[in-house]
Amino acid sequence: MPFRISRLGYVEVRVLDLDDALDFYTNVLGLQLVERAGKKAYLKTWDEQLAYSVILTESDSAGMVRAAWRTVDPEDVDYFERKLRQYEVQYQVIPEDYKRGKAISFKTPSGHTFEIFYEIEIPGNMLPKESPDPWPRDLKFDAINPPKIDHTLITAPDPTKMIRFCEEVLEFRATEYVVNSEGQPIAAWLYQARQQPHDLAIVPGREAGMHHFAFHISSAQDIFRAADIMVMNDVKIDWGPGRHGITRGSGIYFFDPFGNRIETFGGYTAYLFDPGAKPITWTEETMGKGVFYYERKLVETFLTVYT
Amino acid sequence: MQNGKFKIHLLPNNITFLCRENETILDAALRAGIELPHGCTKGGCGVCKIKVKGKVEFGRVSKVMLTDEEKENGFCLSCRAIPLEDIQISLVDGSPARVVRYDEFYSFLFKTRTNL
Ligand code: FES
């Protein structure tokens, strides 16, 4: 079976104040502002080709509005449209949005709004197309500046059902699971065509909850640099710098000024998951070490704090 | 009010600690060695919700995590709420809060923790 989704395209996140949000997301995190339009702002990381990867929307609560998945080919959007129909999932066709073409939009069993799209403007990253240097010179020197968006971890009241939906209907494949005593997956780390440890992860929790969304950071040293910048800017760190057993990634969990959790993730012994390889499993007993490898137990806020 | 600081009385622990001007209830509690539950500290997750008697400035909070009705009925998010007079607080379930060390003298040791 071919991969039909390439990656997490963008997330839309609610913020309580757009001015403060932009100060944080551009000056501390180091995203590039594409455009501010009314109560929304479109941003991207420096190494992304697509028009944007983060939308901030001013609202009276925090949390996720939608997560959008970009397909590998244009026909894949129609493929998923057929598939949603086959599984009797209600969906809407959104003919266009900011710098983007058609998308199909639907609610998942976990209550999240997901979109699947292909067409989007591709202005390129911040490097020239011809003979580029490895990184741009005009980044803010004291911002975190992650090169790309990585994944999102969301919560589901019935995680087993949501995991099955993502696997069967959206054709995500699992790298790792946490299974309960009956062998049912209650948390999963799922990937698409990038074959990285995950594009989407699911843990038990409230309907439509956003645990975090994550940006890639290449080396462990850069993760420590990111931690330095967080402390310099009085950013509330939730956990880390640390290591996950699951995904083997290193990361930091921290909060934006409105309580949305973000992760800088990477610096890991990466694995490319071979299609067909058997997923790794963790149990409820070993889950603590799986999530927080050095602490060997769940940090208190992990299952209770999210937006 | 004592030396320009408001008093926060914690029930059922039945202890009182002081809040500096413009200091949130959570910051004051952690500084005094009282572990009020908290997560994001930014008004977004709702984990720090407590009961409060007395006037507070609620601060910038998620309306989903602290509804207008809750504001009227004596709830606040401790990570954002700033006392405007001497107040009384308790956890939502009425249980005692965990006290690490209740001692004004050592409270400076906890100062740096408030934003960790
Ligand atoms: S700690 Fe998250 S709202 Fe107060």
In this structure, SG of B:Cys45 is separated from CE of A:Met210 (nearest 0.5 Å) by 12.0 Å
Smallest heavy-atom separation, A:Ala62 atom then B:Gly44 atom, equals CB-CA, 4.4 Å
Minimal heavy-atom distance between B:Arg60 and A:Phe258, with the atoms involved, is NH2-CE2, 3.3 Å
With sequence neighbours left out, the residues meeting side-chain contact (heavy atoms from CB on, under 4.5 Å) with A:Glu300 are none
Taken in chain and number order and not counting sequence neighbours, the residues that satisfy side-chain contact (heavy atoms from CB on, under 4.5 Å) with A:Arg296 are A:Lys289
Bottom line for A:Asn260: the part with an atom under 4.5 Å from chain B's heavy atoms is neither
In terms of heavy-atom pairs under 4.5 Å with chain B, the winner among A:Thr301, A:Val305, A:Thr307 is A:Val305
Do other residues, nucleotides or ligands put more than 12 heavy atoms under 6.0 Å from [X] [atom1]?
X: A:Lys297; atom1: NZ; result: no
X: B:Glu85; atom1: CD; result: yes
X: A:Tyr98; atom1: OH; result: yes
X: A:Phe224; atom1: CZ; result: no

Within residues 65-78 of chain B, contacts to chain A at heavy-atom distances under 4.5 Å involve B:Met65
Within residues 14-26 of chain A, contacts to chain B at heavy-atom distances under 4.5 Å involve A:Leu16, A:Asp17, A:Asp20
When the 4.5 angstrom heavy-atom criterion is applied to B:Val64 and chain A, the contacting part is both
